[in-house]
Amino acid sequence: MKKSKIIFISLLSFLSGIMSAQEVISYTGNDNYTLVERTNLRRYDNGKYTGLMSREVRSFLTQHKTSGGNIYYSGDFFVEQDTIKNSKVMFTGIHDAIPSKFFIDESGMVTMEEDNGYPTFRSFPSFPKTKLSAGDSWKGDSVRSIDPLNNGILTKIPMTVQYTYEGREEYHGEKVHRLSAQWATRYGITYWDFGGDKNLKSAQGSHKANILVSCRTGAMVFMTDVVDETFIYSDGNQITFKGTILQFTEYPTAVPHDEILPALKRIGAVAITDTSKTVKMNGTKIDANDKSTARDKDEKTEILSMIDKSKLAANDKSPAGDKVTANNKTFAENKTTTGNKTPAENKKPVLQRDSNPDTSKNISAVTPADLGEKKITVQETDAGIKLAIHDLKFKADSAELMPGETARLDEIASVLKQTGTNKLLIEGFTADTGYPAGELKVSRNRAYAIAEALSKRGIDAGRFICKGNGAANPVADNSTPEGKAMNRRVEITILERNK
């Protein structure tokens, strides 16, 4: 009897220990990852059902750390799928990149550095510094970026979220914390986003979410949000959405470097494994008598054709097509503006940042003499292996590739087919012609041209994310024909998990 009593007391003590176990949730950083947001919402216009909004937004985010130890992410978001209405899906296969950069502190609070509306949930979930037991609750300030009309105008709405800690469990072999969360949508009463949709008068509704957070990193693994909210516009229209929003993290596979790099060597590339030195695989020099100067003229003509001539300064007396005086803001470098920050964002501490923490784009160690006859360079970056195709030949006034590029693209496609299903970020660049707006458009069109050309060579179009950078991030001196030839390039990054 005494033995049974002792066992019973021991069991009670054990169960009591489990019940009183306390946890501290802290964000310590994630690997390179893809954040997926899948929206399935029924839409009602003025009370009448009008269709299903089904949209999937994906991103590839690369982790960086400043010298001070702060964690930040940079990457690109893209819409995989758009509104489904009348059984039609808007989806082209090749995606346009939406850049983003943000810092995350140990409590999960996000500070946006480059804000183009994504990620849509910021500082969500957020964690207290105190230890938590099952049933404990806390509040956190978050922000959500919304676009109910899907018109590209994003409005930021603050969220005061009530969290409850539910305990530990296992999800797909990973130990996770389960949290429940709820909050109300309140917009247009005490807060308006003056940088958002000016026609959005007010919004109200409710959200109930279940969230799984990695015990190891504090990163969100999975979230399901049950939505019921209404948006009221200045013309009197009311749009209601009911349904679910899912968010989850995916990790890309690692690329087999021991197979890819030798394959790149066979196509005459230069491998750069360190930004301070260059390893030559093919030492053939660029022909000093190539037609770079002619190409500069073609590129300048193409860029000028992209510019709205009516916005040129009236006092420009230079010959047509020779010089442009661009006093209009249209020609300024595209600078990302964060717009008006929400109260929650204003509360966030300013982090100490390195002046130039991202060194992956600094490949100035490469000189024209280092380029092989194929004029391709290869670099290992935080995001993955990057191929830069220099001195691309396009037909004048277009993004159509010249027939002479066929062999290079055939060889590149043969290597990319060895990279499985990893996403491919394609970035276009131009030489500096002095017309940033035109350069940006040309570079984007050229990125798409390469994606389409590779797609025709058997690579799934859904793997491509395209981005134009204009004359930003030059890799050589723009004052020489050889330097301009190097800067006139398209870069392809095979996006992969941290090595």
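This one's a predicted model, so the numbers in the text were calculated from it and none came from an experiment.
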Under 4.0 Å between a Lys/Arg side-chain N and an Asp/Glu carboxylate O for [X] and [Y]?
| X | Y | answer |
| --- | --- | --- |
| R489 | E427 | no |
| E491 | K386 | yes |
| K467 | D96 | no |
| E23 | K131 | no |
| D115 | R122 | yes |

Any chance the side chains of [X] and [Y] put a donor and an acceptor closer than 3.5 Å?
| X | Y | result |
| --- | --- | --- |
| E496 | H257 | yes |
| E106 | T28 | no |
| T244 | R38 | no |
| R446 | Y448 | no |
| R55 | N40 | no |
| H177 | E166 | no |
| D45 | T50 | yes |
| E56 | T39 | no |
| T164 | S137 | yes |
| S100 | E114 | no |
| H64 | Y73 | no |

Go through the steps for Y33 and E250 under the test side-chain contact (heavy atoms from CB on, under 4.5 Å), then give the verdict.
CA-CA 6 Å; Y33 69 100; E250 292 179 343; over 6 Å; no

If we ignore hydrogens and angles and just use 3.5 Å, is the side chain of [X] paired with the main-chain N or O of [Y] as donor and acceptor?
| X | Y | result |
| --- | --- | --- |
| R457 | I412 | no |
| N422 | A254 | no |
| N469 | N473 | no |
| T430 | S443 | no |

Sequence-distant partners of E169, salt bridge (charged side-chain N to carboxylate O under 4.0 Å, His left out), two or more places apart
R178

Between [Y] and [X], is there a side-chain heavy-atom distance shorter than 4.5 Å?
| X | Y | value |
| --- | --- | --- |
| K65 | Y72 | no |
| H95 | V79 | no |
| F248 | M223 | no |
| L392 | V490 | yes |
| N30 | T249 | yes |
| R444 | C466 | no |
| L409 | I450 | yes |
| P125 | V213 | yes |

If I take atom [atom1] from residue [X] and atom [atom2] from residue [Y], how far apart are they, to the nearest 0.5 angstrom?
| X | Y | atom1 | atom2 | value |
| --- | --- | --- | --- | --- |
| S145 | F121 | OG | CZ | 10.0 Å |
| I494 | T419 | CD1 | OG1 | 5.0 Å |
| L424 | L454 | CG | CG | 8.0 Å |

Which heavy atom of [X] sits nearest a heavy atom of [Y], and at what distance?
| X | Y | result |
| --- | --- | --- |
| I153 | D147 | O-OD1, 3.4 Å |
| L440 | G468 | CD1-O, 3.3 Å |
| I211 | A181 | CD1-CB, 4.0 Å |
| H390 | M486 | ND1-O, 2.6 Å |

Assess K423 against F464: is NZ or CZ under 6.0 Å from the centre of the six-membered ring, and within 45 degrees of the ring's axis?
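The answer is no, since K423 fails at least one limit relative to F464.
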
Counting only heavy atoms not in E405, do more than 12 sit closer than 6.0 Å to its CD atom?
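Yes - once you tally the heavy atoms of other residues, nucleotides and ligands closer than 6.0 Å, there are more than 12.
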
Apply salt bridge (Lys or Arg N to Asp or Glu O under 4.0 Å) to residues E229 and R144 and explain how you reach the verdict.
CA-CA 13 Å; E229 58 188 353; R144 181 168 161 239; 2.9 Å; yes

What residues, two or more places apart in sequence or in another chain, satisfy side chain to side chain contact (heavy atoms under 4.5 Å, CB included) together with K208?
Q182

Is there a ring pair (Phe, Tyr, Trp, His ring centres under 6.0 Å) between W183 and Y163? Walk through the geometry before answering.
CA-CA 9 Å; W183 68 96; Y163 297 95; 8.2 Å; no

State which residues pass ring-ring contact (aromatic ring centres under 6.0 Å, His included) with F231; sequence neighbours excluded, sorted by chain then number.
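Per chain and number, F231 pairs via ring-ring contact (aromatic ring centres under 6.0 Å, His included) with no residue.
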
